[in-house]
Chemist: 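Starting off with a structure, shown below.
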Amino acid sequence: MKTILVTGGAGYIGSHTVLALLEKGYSVVVIDNFSNSNVEALHRVEKLAGKQVKIYPYDCCNKEDFEKVFKENKIDAVIHFAGLKAVGESVALPLRYYNNNIISTINLLNLMCKYEVYNIAFSSSATVYGDPKSVPIYENFDLHVSSPYGRTKLIIEDMLRDLSVANPKFNIALLRYFNPIGAHPSGFIGENPNGIPNNLVPYITQVAIGRLKELGIFGNDYPTPDGTCIRDYIHICDLAEGHVLALNKIFSGCGLVTYNLGTGKGYSVLDVLHAMEKAIGKPIPYSFKPRRAGDIPACYASPEKAFEELGFKAKYTIDEMARDSWNWQKNNPNGYENK
Ligand code: NAD
Ligand code: UFG
């Protein structure tokens, strides 16, 4: 049985991916400092899978702690989710982002070299494409970033590209996620943002449960059919499955590969709002607000390369994504805190 180290495994994407890995028969070790998550997520994953996860409540920026994980386990591959991800906060606190995201990754890569673990999937982001010249976005498009958060993703991608040139033993999958939403259909695990959500769907579900008053839609004068921005929303379980398929590729000895993980379909903010209203069964109050700095009009993936080379194809529809987002929120109004 192969052992996968999942950094940031208690987080939103991490917890769903850990479940998918356990279901595929992998043994899973998680390192997470719980700076943006709760250990309860992993306990629920264990219940859903009927299997245990080995949990290290450590910070990847602490080299000595991190090394214990490699000393005590024979790791076959790493999926590296750990990182801070709030774009706006990264503009206000760039050093926090460079410290956390870059130092944790340098520690990880040094340990992987030292312990001869040469297989890694990295959580990159569609944000590395900046404002693309056209849509859909292909993996070979130019890379531009406009926030410190995005720059940490690009720097880490560059580090991994350099490493694969220097050491051909490395198998590296750079996975560029589009917009993950939804939750496990059980409603047992889901997205649990701290404070007021920055992202569209958790904001809508928190309006629906009465924690927030109304949705502000950032801009209705974009050059899109209804004037609101278009994104490629992907169900979190499809995204988790993409990691399992990426591991197959990694274990086949792939060198460095780069994939978009998206659906290839674009939905506007109003499309998402209407899908959510259908799932929730009532209208969501909203008003139009000025554009949010840094937003681009349209962003959706070409999913072809991931389909051809990984066999990855997103299965869930936007209505199913909305259903599962709402199912999670209504069953867990306080997230992983007490019921
Ligand atoms: P998340 O915040 O839910 O999960 C990240 C996890 O990493 C959290 O559990 C957090 O506690 C942990 N963590 C952060 N810094 C750490 C450190 N120094 N040491 C140990 N643990 C640490 O975020 P997510 O949505 O699950 O995203 C996972 C990854 O995917 C991130 O790298 C993020 O940048 C990337 N990504 C996310 C999205 C998205 O929309 N959610 C889109 C593109 C890329
Ligand atoms: N939006 C609103 N109101 C809100 C929140 C969002 O109108 O309260 C709009 C945004 O303006 C945007 C769309 O909803 O048009 C989606 O916004 P999100 O914040 O949910 O997602 P983004 O596309 O801005 O960014 C997400 C992640 C980034 C990642 C990017 C690409 O947050 O980390 O997808 O993967 F880089």
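Computed from a predicted structure; not experimentally measured. Keep in mind that the numbers below use all heavy atoms, side chains included, and drop hydrogens, waters and symmetry copies. Just so you know, ligand 1 is whichever comes first in the structure, and atom 1 is the first atom listed for that ligand.
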Chemist: Considering only heavy atoms, which of Asn100, Ile156, Asn179 lies nearest to atom 15 (N) of ligand 1?
Modeler: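 Nearest option to atom 15 (N) of ligand 1, by heavy atoms: Asn100.
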
Chemist: How about Phe81 and His243: are their ring centroids closer than 6.0 Å?
Modeler: yes

Chemist: Tyr149 heavy atoms, cut-off 4.0 Å: which ligand 2 atoms fall inside?
Modeler: 33 (O), 36 (F)

Chemist: When you compare ligand 2 with Tyr177, is there at least one nitrogen or oxygen pair between them that comes in under 3.5 angstrom?
Modeler: yes

Chemist: Taking only heavy atoms of Leu215 into account, list the atoms of ligand 2 that are under 4.0 Å away from them.
Modeler: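 Those atoms are 3 (N), 8 (O).
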
Chemist: Relative to ligand 2, is Phe178 under 4.0 angstrom through side chain, backbone, both or neither, heavy atoms considered?
Modeler: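 Backbone only; the side chain of Phe178 stays clear of ligand 2.
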
Chemist: For Tyr286, state whether at least one heavy atom is located under 4.0 Å from any atom of ligand 2.
Modeler: no

Chemist: Going by the order shown, which atoms of ligand 2 are within less than 4.0 Å of some heavy atom of Asn198?
Modeler: 5 (C), 19 (O)

Chemist: Between Asp59, Asp65, Val69, which is the residue that forms a side chain to side chain contact (heavy atoms under 4.5 Å, CB included) with Ile31?
Modeler: Val69

Chemist: Within the 4.0 Å heavy-atom shell around Pro180, which atoms of ligand 1 are there?
Modeler: 39 (C), 40 (O), 41 (N)

Chemist: Between Thr228 and ligand 2, which residue portion shows a heavy-atom distance shorter than 4.0 Å: side chain, backbone, both, or neither?
Modeler: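 For Thr228, no heavy atom sits under 4.0 Å from ligand 2.
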
Chemist: Out of Tyr233, Phe81, Phe34, who is nearest to atom 28 (C) of ligand 1 when you count heavy atoms only?
Modeler: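 Considering heavy atoms of Tyr233, Phe81, Phe34, the nearest to atom 28 (C) of ligand 1 sits in Phe81.
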
Chemist: Ligand 1 versus Tyr149, non-hydrogen atoms closer than 4.0 Å: side chain, backbone, both, neither?
Modeler: side chain

Chemist: Any N or O on Leu200 sitting closer than 3.5 Å to an N or O of ligand 2?
Modeler: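 Among all N and O atoms of Leu200, at least one is under 3.5 Å from an N or O of ligand 2.
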
Chemist: Which atoms of ligand 2 sit under 4.0 Å from any heavy atom of Ser125?
Modeler: 29 (C), 31 (C), 35 (O), 36 (F)

Chemist: Near Cys60, which atoms of ligand 1 are under 4.0 Å from a heavy atom of that residue?
Modeler: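 Checking each atom against Cys60, I get 17 (C), 18 (N), 19 (N), 20 (C).
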
Chemist: Minimum distance, heavy atoms only, to atom 11 (O) of ligand 1: which one of Val6, Leu239, Asp32 is it?
Modeler: Asp32

Chemist: I need the atoms of ligand 1 closer than 4.0 Å to a non-hydrogen atom of Gly11, numbered in the order shown.
Modeler: 3 (O), 4 (O), 9 (O), 26 (O)

Chemist: Using a 4.0 Å cutoff against the non-hydrogen atoms of Ser123, which atoms of ligand 1 qualify?
Modeler: 29 (C), 30 (O), 32 (O), 35 (C)

Chemist: Using heavy-atom distances, let me know which of Gly9, Gly8, Ser124 sits nearest atom 44 (C) of ligand 1.
Modeler: Ser124

Chemist: Quick one: does ligand 2 sit under 4.0 Å from the side chain of Asn199, the backbone, both or neither, non-hydrogen atoms only?
Modeler: both

Chemist: Verify the neighbour count for atom NZ of Lys2: are there more than 12 heavy atoms of other residues, nucleotides or ligands below 6.0 Å?
Modeler: no

